[in-house]
Amino acid sequence: MIFHPSILALLGSSWLATAVLLASAVFAMRLLASWDRASGSERQIRLERATILVSTAVGLVLALEAASLILFVFNADRMSALFVGAMCAVGTLNASVYGFATLYAKIAVFFASALWLVLDRVDGEGRDFPLIRLKYAALLAVAPIVALEAGLETAYFLDLKADTITSCCGKLFEDGPQSSGAGGELAALEPRPALWLLFGGAAVVVLGGLVAGRSRVFQIAQGVFGGAMFVVGLAAIVSVVSLYVYEQPHHHCPFCLLKREYDHFGFALYLPLFLGAAAALASGMLGVVPRRASLAVAQPAIAARLARLSALGFALFALACLWVIWRSNLLLFG
Amino acid sequence: MTSASLASRPRGSTLAALSTCGLVLALGALIAAALLARPATEARRESGRALARELGLTDPALFGEARYTRHPSQADLASAFQDAPTGLDHFPAGSLVAAPRGFGTGHIGGGEE
Amino acid sequence: MGARFERQRHLLDFAVASLARRPAKNLGLTLVYALVVFLLGSVMLFGSAIRREAGVMLADAPEIVAQSMVMGRHDLATGADLEALKGLRGIRRVEPRLWGYLWDSAGAANYTVMVPSPSDAAHALASGEAIVGEGVARARKLAVGKPFFLVSPAGKFLRTRIKAILPQASALVSSDLVLVAEADFRSFFAIPADRYTDFAIEVANPREVSTIAEKASVRLPTYRFVTRADMHRTLEALFSWREGLALALLAASLLAFVILAFDKASGLSAEERREIGILKAIGWETSDVIRMKLWEGTAISGTAFLAGLLAAWVHVFFFSAGLFEPVLKGWSTLWPRFPLSPEVDALEIATLALLTVVPYTAAVVVPIWKTAVTDPDAVMR
C-alpha cells in the first residue's frame, strides 16, 4: 500500500460513507417493517425523528461521495509518476485489477446518490412523508453499492505497489492494431458518425430538457435519452473529441484530458456531462414515481427544474466540445 | 434592544460573508503573489537544475548523516546493517527516509516504456 | 429563488447570532480547528513543495548510473569496465565519476566531495582550488578567496583556496558539496589512476534506457544500473512516505479534535436548550433548526479551514516551515537553507478539506440532530 494523504482521505471518506449507509440500511429495514403514519405511538414518533437524522447524514455522505469521485480520478492521474510505464490515470488504474472496477463503482455510486438525494428532496416537500417507503427501499439498494465501492477501493489501494509495471493509455485507447478491449473499440469509432451522434444527441437532450415540464412522458423520455447521451458523450470523447484536444490523430485517451498540460480541459467536459446525465436521470425518475396528492405541485415542478438543469449541463458539454474543435489546430475533415 | 441598535448592527450573514471574503482575499493575494513570483521561481529552479545537470547530481542534499540518507537512490541494496552491526537505524533522519525499496530485480529498475 | 435565498440568509443570521452568544466556546473550538488544519496543511504543503522542488532540480539527473558491487556493497569501478561499457551500442557517452563522503570533524558534518566533470566548464578547477556548497560555507564560515583545509581519514591534509560558493538557489541539491580537482581528489583519498566511484551513462535514445541498462548488465553482471526513472521514483516515494507518516502521526490529534467537537456539540448548556425550545415553540420546524445548526457548523468550518490554510501557507512559504525544521534536520548539520515556492494544487487543498472538514462534520451531525428533535415542552419546563 502506498502511504499518501489523498489515499488516506479517500479511504476514510469511503468507509465513513459505508458506515453511515449500513447504519441507515438497518434503520430502513426497521422503518419498512413498522412504519405507520396513522399511529401516534412512541415508536412511530421515534421513527419519524430518526428519518430526519438519516436524511441529513445520508445527504452529507452522498455529497461527499460525489466529491471523492473527482478526487479519485485526480489522484490516480497524480500517482502515475510512481508506476513504470504509466503516463496518466489509466496506468494507475491499470496497476491493479481493482482499479477500473473501483472507478466504475464510484460512478455508479455517484448516479445512485444523485437519484436518492432527489428522492429525499422531493419527499421533504410533502407534509405527510409521501415517498417514505420508496425512499427507504431505495436506500437499501444504494447501501450495498456504496459498501462495494469502499471494498473495491480498499482492495485497490492495498494492491497498489510502487514500481509496478503497468500499461500506458496508448495501449488501451489507441486505434492501432495493438489496442485491446472496449477502449480500443470506442477509439476505432469513425470520427464523422461520432460527431453526428454527439451533436445530434446533444440537440435532442437540450430541447427535451426545455420541454420536459409539459408532461411526465417527456420527463421519462428525458431520463432515457439523458442516460443514452451520457454513453454517447463518453464514446464521442474517446473517439473524436480527444483527438482535437491533443491535436494528434491517434491519441484517444479520455484521462490525459484531465492533465495540466491540457489545462485540465477534461473537467470542462466531464463535469457538465455528469451533471446533465444525473439531472436527466433524476427527472426521468420523478416521471416514473407515482404522484401523491401532497406532491401534486412540487413533484412536477422539481422534475421540470431538473430537466432544465440537464439541458443546461448537456448544452455546456456540447459547447465545450464545439469550442475545442473550433480552437484546435487539427483538421480531421478537409 | 432598541430598534436603533438593531438597525445599526450589521446582519450576521453580512458579517459571515465579509469575514469569508476577507480570508478568501488574503488567500487569493498569497496565490497571486505566488503567480507573480513565478518567473523568479522558474529562474531559481532552472539554475538548480542546470547545476544538477552539470555535476550529474542524483539526490537532494537534505540528510547528510549516512549514505542511505544522503543518496537514497544510490544506496547499497543488499547490505543490511551497513553502518553498524545490528544498527538498523541510528539517525533521526532514518525515521524520515525509508530504506530504498522497489528497485525490482536489483540490476535494473524494471523496464521503462 | 429570492425567497429561498432570503430564508437561508436569515438562518445564517440566526446561526451567527447564536455563535456570538457563546464567544469563548466557539472561538476556542474554531482556534483548535484552525490549528489542526494548520498542522495538516503545513505537512502537506511542505511535503509537496519540497518534492516538486527536488523533482524539478533533479529532472536531468544522469540517465543511468552504473555502480560496481562487491558482496552487496559499493566498490570502485575500473577503467577496464569503462572501456567495456563504451563499446556498447546505443550508449553515447560514459562519464567516469569521482565522488565520496568525508566526515569533517572541524565542521562536524559529512561532506560530499566530488570532482566536476571535465566537460563542465563552469566548474573547472585547477589543483588547489575548491568550490563549496552553501551549507559547507556556512558551517566553516568560508568566503571566496579564503583558504579551506580538509583532513582525510588517513590524516592527509588537503589545502585549497575557495574559488566560488555554489548559489543558494541550488542549495537543496548542493548544500554539502565540496568540488575539488581530480588530482587533489585522487591523492587525498589515495585512489589509483584508473579507479572511479561510478559511471554516469548517457544514451543516444532516451526511449531505450531500459534496454541499454539490460544489455549493459549482461556485459557487466557485477554492476548495478540505476536509471533516472528509478531515481525519480525513489524521490517520489521518499517524500510521499514521509508525508504520509507525518499525517498518520497527526491522525491522533485529528481524533482528539473530533472528540472535542463532538463533546462541544453534544454538551448543550441549559440556556442553549431553552433557545431551541423557544424556537420550536414559536413555530420553527426540526429541519429549520438542523439547517441553522448546519450553518453554524459551516461558519466554523469555513473560518477555521481558511484561517488554518492561510497560516499553513505563510508558515511553509514565508518561514520555510520553521516549526518542522528541528524535526527534519535531525543530526543534519548542513541542512540546506532553501526557499520553497508555492504552487496552487487543487488536489492538495481538496485532500486537506476532506481530512479536516469531513471528520468535524461527522462528529457534529448526531449532536445537532439530538438538539433539533428535542421537544419544546421538555426543555421549557
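A, B, ... follow the sequence lines: proteins, then strands. Residue 1 opens every chain. All heavy atoms count here, side chains included; hydrogens, waters and symmetry mates do not.
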Give, as side chain, backbone, both or neither, the part of [X] having an atom under 4.5 angstrom from any heavy atom of chain B.
X: C:Arg51; result: neither
X: C:Leu179; result: side chain
X: C:Val56; result: both
X: C:Leu235; result: side chain
X: C:Val173; result: both
X: C:Asp120; result: side chain
X: C:Leu19; result: neither
X: C:Leu11; result: neither
X: C:His10; result: both
X: C:Thr112; result: side chain
X: C:Pro116; result: both

Heavy-atom side-chain contact between [X] and [Y] under 4.5 Å:
X: C:Asp60; Y: B:Arg49; answer: yes
X: B:Leu55; Y: C:Trp99; answer: no
X: B:Arg44; Y: C:Ser341; answer: yes
X: C:Thr303; Y: B:Leu23; answer: yes
X: C:Tyr101; Y: B:His71; answer: yes
X: B:Leu30; Y: C:Phe318; answer: yes
X: C:His123; Y: B:Leu51; answer: yes
X: B:Leu57; Y: C:Met114; answer: yes

(message) Between B:Thr14 and C:Arg9, does the side-chain hydrogen bond (donor to acceptor under 3.5 Å, both in side chains) criterion hold? Intermediate values first, please.
(response) CA-CA 9 Å; B:Thr14 317; C:Arg9 188 165 170 204; 3.2 Å; yes
Looking at [X] and [Y], what are the two nearest heavy atoms and their distance?
X: C:Ala54; Y: B:Pro60; value: CB-CB, 4.4 Å
X: C:Ala169; Y: B:Ser47; value: CB-OG, 3.5 Å
X: B:Gly12; Y: C:Val16; value: O-CG2, 3.5 Å
X: C:Pro62; Y: B:Thr58; value: CD-CG2, 3.8 Å
X: B:Gln74; Y: C:Gln67; value: O-NE2, 3.0 Å

(message) Checking the side chain of C:Arg97 only, and the main-chain atoms of B:Gly56 only, is there a donor and an acceptor separated by less than 3.5 Å?
(response) yes
(message) Using a 3.5 Å distance criterion without hydrogens, assess whether the side chain of C:Asn110 forms a donor-acceptor pair with backbone atoms of B:Gly64.
(response) yes
(message) So for atom CZ, which belongs to C:Arg21, do other residues, nucleotides or ligands contribute more than 12 heavy atoms lying within a distance under 6.0 Å?
(response) yes
(message) Tell me if the CZ atom of C:Arg93 is crowded by more than 12 foreign heavy atoms within 6.0 Å.
(response) yes
(message) Whether B:Arg11 and C:Glu6 form a salt bridge (side-chain N of Lys/Arg under 4.0 Å from carboxylate O of Asp/Glu) is what I want to check.
(response) yes
(request) Under the ring-ring contact (aromatic ring centres under 6.0 Å, His included) rule, collect the residues that match up with C:Trp313, sequence neighbours excluded. (result) C:Phe317
(request) Look up atom OG in C:Ser170 and atom CD in B:Glu54, then write down how far apart they are to the nearest 0.5 Å. (result) 10.0 Å
(request) Name the option with the most non-hydrogen atom pairs under 4.5 Å to chain C; the candidates are B:Ala17, B:Ala50, B:Gly48, B:Ser13. (result) B:Ser13
(request) With a 4.5 Å cut-off on heavy-atom pairs, point out which of B:Thr41, B:Val24, B:Leu27 contacts chain C the most. (result) B:Leu27
(request) Evaluate salt bridge (charged side-chain N to carboxylate O under 4.0 Å, His left out) for C:Glu343 paired with B:Arg45, printing each intermediate quantity in order. (result) CA-CA 13 Å; C:Glu343 209 127 321; B:Arg45 285 185 184 154; 3.4 Å; yes
(message) Let's test your reading of the structure: which of C:Thr211, C:Leu310, C:Val65, C:Leu12 forms the most heavy-atom pairs below 4.5 Å with chain B?
(response) C:Leu310
(request) Identify which of C:Leu166, C:Asp176, C:Asp198, C:Leu309 forms the greatest number of heavy-atom pairs closer than 4.5 Å to chain B. (result) C:Asp176
(request) Under 4.5 Å heavy-atom distance to chain C, tell me which part of B:Ala26 shows up: side chain, backbone, both or neither. (result) both
